[in-house]
Amino acid sequence: MAKIGYARVSSTGQSLDVQLSKLTAYGCTEPDGLIFQEKKTGTTDNRQELQACLRHLRKGDTLVITKLDRLARSTLHLTQIADDLNKRDIALVVLDQSIDTSTPTGRLLFNMLASIAEFETEIRKERQSDGIKKAIEKGVQFGAKAKLTPEQVLELKQRRDAGVKIKELMSTYGLSKASVYRLLSGKMQN
């Protein structure tokens, strides 16, 4: 019945000290305890220490984290991890939110927080989509601003037709090779 901790920060410039202190205080370093730690963004699938941590857990163990967002990259991912832990008879303890899925109240709180987080994400997506639609209706254009005017694009094409090398066009107009070729092919406005 080991307490296994998992600590994560998003970048190498951040410190794990606060999380490690909380996990240690909870008992994750006692004789059977262990703390897995990494410095990786939560949005990546390549979190090797998390995968090692999940593989290490055994029936009756407790996975301990400081906050829900340290564990999963999305509500769906969090729910998948929690379901896997539940099937393997492994409890999840979230220190900062006082969640312990080994208790009925802890499971209820966990599911409520996960549902609320998912609802908030959906509302945010709807608002963003509505905002984008309204902006487009008002004539707002998204993406990078055109580096060349239509006249400059025409000039670029004429210069290329006259034999000017791509490298020179890149230098003259401050464009990448790919941008010059896209403009020459007419596949993009600019």
Side-chain angles (χ1 to χ4, degrees), residues 1-132 135 140 142-145 176 178:
M1 308 312 166
K3 294 178 183 175
I4 308 299
Y6 175 72
R8 180 187 62 80
V9 289
S10 297
S11 69
T12 54
Q14 295 176 316
S15 173
L16 288 162
D17 293 347
V18 172
Q19 291 179 61
L20 294 175
S21 176
K22 288 178 181 182
L23 294 171
T24 300
Y26 191 77
C28 292
T29 57
E30 291 178 355
D32 294 329
L34 181 62
I35 299 175
F36 291 84
Q37 53 187 295
E38 63 191 332
K39 295 185 177 190
K40 292 245 179 173
T41 178
T43 58
T44 182
D45 289 330
N46 187 23
R47 291 188 290 154
Q48 295 173 345
E49 288 300 309
L50 173 60
Q51 296 310 314
C53 176
L54 295 173
R55 281 192 307 271
H56 180 83
L57 292 162
R58 301 291 177 251
K59 182 178 181 174
D61 285 351
T62 300
L63 173 59
V64 185
I65 56 175
T66 58
K67 294 181 183 178
L68 282 173
D69 67 350
R70 300 297 85 202
L71 182 61
R73 63 183 184 277
S74 67
T75 304
L76 175 62
H77 187 223
L78 178 63
T79 305
Q80 290 169 338
I81 291 172
D83 186 51
D84 175 60
L85 295 174
N86 185 46
K87 286 177 182 173
R88 294 168 50 200
D89 196 24
I90 298 166
L92 173 65
V93 170
V94 186
L95 299 175
D96 289 359
Q97 281 102 7
S98 302
I99 297 172
D100 181 349
T101 63
S102 68
T103 69
T105 304
R107 285 189 295 278
L108 174 66
L109 182 56
F110 173 82
N111 287 319
M112 285 174 38
L113 287 175
S115 295
I116 290 168
E118 186 172 0
F119 175 73
E120 287 176 342
T121 299
E122 292 300 319
I123 293 294
R124 191 171 33 254
K125 283 180 186 176
E126 285 178 16
R127 286 183 185 149
Q128 181 181 19
S129 178
D130 289 345
I132 290 170
V140 173
F142 292 89
K145 299 230 184 244
S176 69

Closest non-hydrogen atoms of G106 and I99, given as atom of the first, atom of the second and distance, are O-CG2, 3.6 Å
Where the side chain of D61 meets the backbone of A2, is there a donor-acceptor pair that is under 3.5 Å apart? yes
(Q) I want to check something: taking the side chain as every heavy atom from C-beta on, are T101 and N86 in contact at a cut-off of under 4.5 Å? (A) no
_L109 vs D100, test: side-chain contact (heavy atoms from CB on, under 4.5 Å). Steps then yes/no._
CA-CA 9 Å; L109 182 56; D100 181 349; over 6 Å; no
Separation between CD (Q80) and CG (L78), nearest 0.5 Å, reads 9.5 Å
Hits for side chain to side chain contact (heavy atoms under 4.5 Å, CB included) against E38, two or more places apart or cross-chain, chain-then-number order -> Y6, R8, K40, R47, E49, L50
Original post:
Is the shortest heavy-atom distance from the side chain of L71 to the side chain of L63 under 4.5 Å?
Top reply: yes
Looking only at heavy atoms, the pair that brings V9 and R70 closest together is CA-NH1, 3.6 Å
With sequence neighbours left out, the residues meeting side chain to side chain contact (heavy atoms under 4.5 Å, CB included) with R88 are L57, D84, I90
Sequence neighbours excluded, the answer for salt bridge (Lys or Arg N to Asp or Glu O under 4.0 Å) partners of D96 is K22
Between C53 and G5, the two heavy atoms sitting closest are SG-O, 4.3 Å
Q.
Are L95 and V64 packed together at the side-chain level, in the sense that at least one heavy-atom pair is separated by less than 4.5 angstrom?
A. yes
Rounded to the nearest 0.5 angstrom, the OG1-CG distance for T79 and N111 is 7.5 Å
For L16 and K39, the nearest pair of non-hydrogen atoms, with its separation, is CD1-CE, 4.1 Å
On a heavy-atom basis, the closest approach of K59 and M1 is O-SD, 4.5 Å
Q. Is there a side-chain contact (heavy atoms from CB on, under 4.5 Å) between L85 and L54 once you walk through the steps?
A. CA-CA 8 Å; L85 295 174; L54 295 173; 4.2 Å; yes
Between the CD1 atom in I123 and the CD atom in Q128, the distance rounded to the nearest 0.5 Å is 13.0 Å
